[in-house]
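Worksheet for the structure shown next.
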Amino acid sequence: MDPISQGALGAVASQVGSRRGKIRVVALLGCIAGMAPDLDVFISSSSDPLLFLEYHRQFTHALLFIPVGAALVALFLHPFVRRTLRFRQNYLVCLLGYATHGLLDACTSYGTQLLWPFSDERVAWNNISIVDPLFTLPLLCLGILAVVRRRRALAIAGLIWAIGYLLLGVVQHQRAEAAGVQLATERGHQPHRLSAKAGFANLLVWKVIYEHGGRFYVDGIRVGPAVTVCDGTSIARLEVRRDFPWLDPDSRQARDVERFRWFSDGYVAVDPDVPNRIVDIRYSMVPNTIDPLWGIELDPEAPSDRHVRYLELRESPPEQRGLYWRLLTGESCGPSP
């Protein structure tokens, strides 16, 4: 999730057990602790463009690291709050704030290594978008009101809102997945795997991806009072030997392809418009299209020790935004006539 959501949830969770006179300092500590795990974004390398993909949402987000991370935050902040809180109190507040981060991130589709170091599986429960104002704004407002009025009840209301919204996301995710299974069945397909991911900033429109016969099928599903399917498109699954016969399997580029495949949970394909580009098809502005947000580019002329090039492809032209709005409102599934 975005830093504002993480900070707001950390602050609210920490305020729930605080005393009236200490609610403001507790909220500040919880907010900082709730955002602290994302300091892993500074783990990067100018020579290895995929290093940050491996370390973001890794050890700092793991369940086992929560007590350690909370202790580091508490030690850093204690000189500023020691007149108000004993270190033990400071640590418990930071523990609550820090603990919310990895769990909230796991609710998104990006993937979080909660079980590190025992497993590198990227846990993704897919019940909320990475950015969702309907989740964040009420949570943030209730958290701020709790601080201003020094009322713990408002923080409790914020926490209830957050949990309730995430549970609604679970229900919507199950409905979207069920609709995806039905759609595949109607097409005569037997999905090798299927996943549903919340569209940008809402729980109404979902991107459903399933694999059948060596292809990924991408569709949009609007899960309102009624379920509406917006047919999408399909693309061939990446097959390295077929798509890049020139690639030396022992080269650094080949290893980078596998690193990117792991990060993308296997949802990778060759960009039909750029032959040497591999894209993560899980994300796009319009759910029933393949307009990736990031990918990697290979160079047939590169030496064996050179890395691939990492690309961010986050342009959102007006026609895409208009198409997404029409899908979101239920006006139509395709471009305006």
Side-chain angles (χ1 to χ4, degrees), residues 108-111 121-129 169-200 202-245 257-258 260-275 277-293 295 320 323-324 326-337:
T108 70
S109 58
Y110 189 87
E121 177 187 0
R122 299 180 65 85
V123 177
W125 295 320
N126 299 319
N127 58 309
I128 193 172
S129 172
V170 171
V171 173
Q172 291 291 84
H173 174 254
Q174 291 175 344
R175 294 179 67 201
E177 276 199 341
V181 171
Q182 181 177 347
L183 177 62
T185 302
E186 291 172 354
R187 291 172 174 168
H189 296 167
Q190 294 182 342
H192 173 64
R193 58 175 174 164
L194 182 149
S195 64
K197 305 181 186 301
F200 178 72
N202 76 100
L203 294 179
L204 186 62
V205 176
W206 294 72
K207 180 169 187 170
V208 173
I209 310 170
Y210 69 85
E211 182 181 347
H212 169 77
R215 297 187 69 83
F216 292 117
Y217 291 80
V218 177
D219 299 280
I221 297 188
R222 188 175 187 274
V223 188
V227 176
T228 303
V229 175
C230 293
D231 290 328
T233 185
S234 69
I235 191 170
R237 180 188 62 202
L238 172 68
E239 295 289 348
V240 174
R241 290 186 179 180
R242 178 197 67 205
D243 300 324
F244 300 98
V257 169
E258 295 310 309
F260 188 71
R261 190 200 301 269
W262 163 81
F263 164 76
S264 306
D265 196 26
Y267 287 100
V268 285
V270 177
D271 190 324
D273 298 321
V274 185
R277 180 178 295 172
I278 298 173
V279 293
D280 180 349
I281 67 168
R282 295 176 299 169
Y283 302 100
S284 59
M285 171 58 70
V286 182
N288 60 338
T289 64
I290 298 174
D291 291 307
L293 300 183
Q320 276 198 349
L323 178 55
Y324 183 61
R326 288 190 292 276
L327 198 156
L328 185 62
T329 58
E331 180 182 340
S332 69
C333 291
S336 56

For Asp243 versus Pro245, what's the shortest heavy-atom pair and its separation?
C-CD, 3.5 Å

Decide yes or no on side-chain contact (heavy atoms from CB on, under 4.5 Å) for Leu238 and Phe244, but give the supporting numbers first.
CA-CA 9 Å; Leu238 172 68; Phe244 300 98; 3.8 Å; yes

Heavy-atom closest contact (Val227 atom, Ala179 atom, distance)
CG1-CB, 3.7 Å

Closer than 4.0 angstrom, basic N to acidic O: yes or no for Glu239 and Arg241?
no

Close side-chain approach of Val268 and Val279, heavy atoms under 4.5 Å:
no

Out of curiosity, Tyr217 OH to Thr233 OG1, how far, rounded to the nearest 0.5 Å?
9.5 Å

Interatomic spacing from SG in Cys333 to CG in Leu327 - rounded to 0.5 Å:
5.5 Å

Least distance between heavy atoms, Pro287 atom then Gly220 atom
CB-CA, 4.2 Å

Can you confirm whether Ile221 sits close enough to Val223 that some side-chain heavy atom of one is under 4.5 Å from a side-chain heavy atom of the other?
yes

Parallel, tilted or perpendicular: which describes the rings of His189 and His212, with under 30° parallel and over 60° perpendicular?
parallel

Sub-4.5 Å side-chain heavy-atom contact between Arg187 and Asp231:
yes

Using modelled atom types only, decide if a donor and an acceptor are shared between the side chain of Asn288 and the backbone of Val286 within a distance under 3.5 Å.
no

Of Asp271, Ile281, Ile209, which meets side chain to side chain contact (heavy atoms under 4.5 Å, CB included) against Ile290?
Ile281

CG of Leu323 to CD of Glu331, rounded to nearest 0.5 Å, is 10.0 Å

Distance flag, aromatic centroids of Tyr267 and Phe216, threshold under 6.0 Å:
yes

Is a side-chain N or O of Ser284 found less than 3.5 angstrom from the main chain of Thr289, in a donor-acceptor match?
yes

Would you call Ile278 and Val257 a side-chain contact if the rule is heavy atoms closer than 4.5 Å?
yes

For the pair Arg237 and Arg215, evaluate side-chain contact (heavy atoms from CB on, under 4.5 Å) and give the outcome as yes or no after the intermediate values.
CA-CA 5 Å; Arg237 180 188 62 202; Arg215 297 187 69 83; over 6 Å; no

Does the Arg222 side chain pair with the main chain of Leu328, one donor and one acceptor, at a distance under 3.5 Å?
yes

With a 6.0 Å cut-off (strictly less than), is the heavy-atom count around CD of Glu186, excluding the residue itself, greater than 12?
yes

Between Ala236 and Ala269, the two heavy atoms sitting closest are O-CB, 3.3 Å

For a 4.5 angstrom cut-off between non-hydrogen side-chain atoms, does Leu194 reach Glu177?
yes

Would Arg175 and Trp206 count as a cation-pi pair here, with the cationic atom under 6.0 angstrom from the ring centre and within 45° of the axis?
no

Decide whether Asn127 and Gln172 meet the rule of one side-chain donor and one side-chain acceptor closer than 3.5 Å.
no

State, yes or no, whether a side-chain contact exists between Ser234 and Val218 at a heavy-atom distance under 4.5 Å.
no

Note: Tyr110 and Phe263 closest approach over all heavy atoms is OH-CE1, 3.4 Å

Could you tell me whether Asp280 and Arg261 make a salt bridge, using a distance below 4.0 angstrom between a side-chain N and a carboxylate O?
no

Check step by step if side-chain hydrogen bond (donor to acceptor under 3.5 Å, both in side chains) holds for Tyr283 and Ser109.
CA-CA 9 Å; Tyr283 302 100; Ser109 58; 3.1 Å; yes

What is the distance from atom CD of Glu211 to atom NE2 of His192, rounded to the nearest 0.5 Å?
5.0 Å

Kindly indicate whether the side chain of Trp262, heavy atoms from C-beta on, has any atom under 4.5 Å from the side chain of Arg122.
yes

Roughly how far apart are Ser129 OG and Lys207 NZ, rounded to 0.5 Å?
12.5 Å

Check whether any side-chain heavy atom of Tyr210 sits under 4.5 Å from a side-chain heavy atom of Gln190, and report yes or no.
no

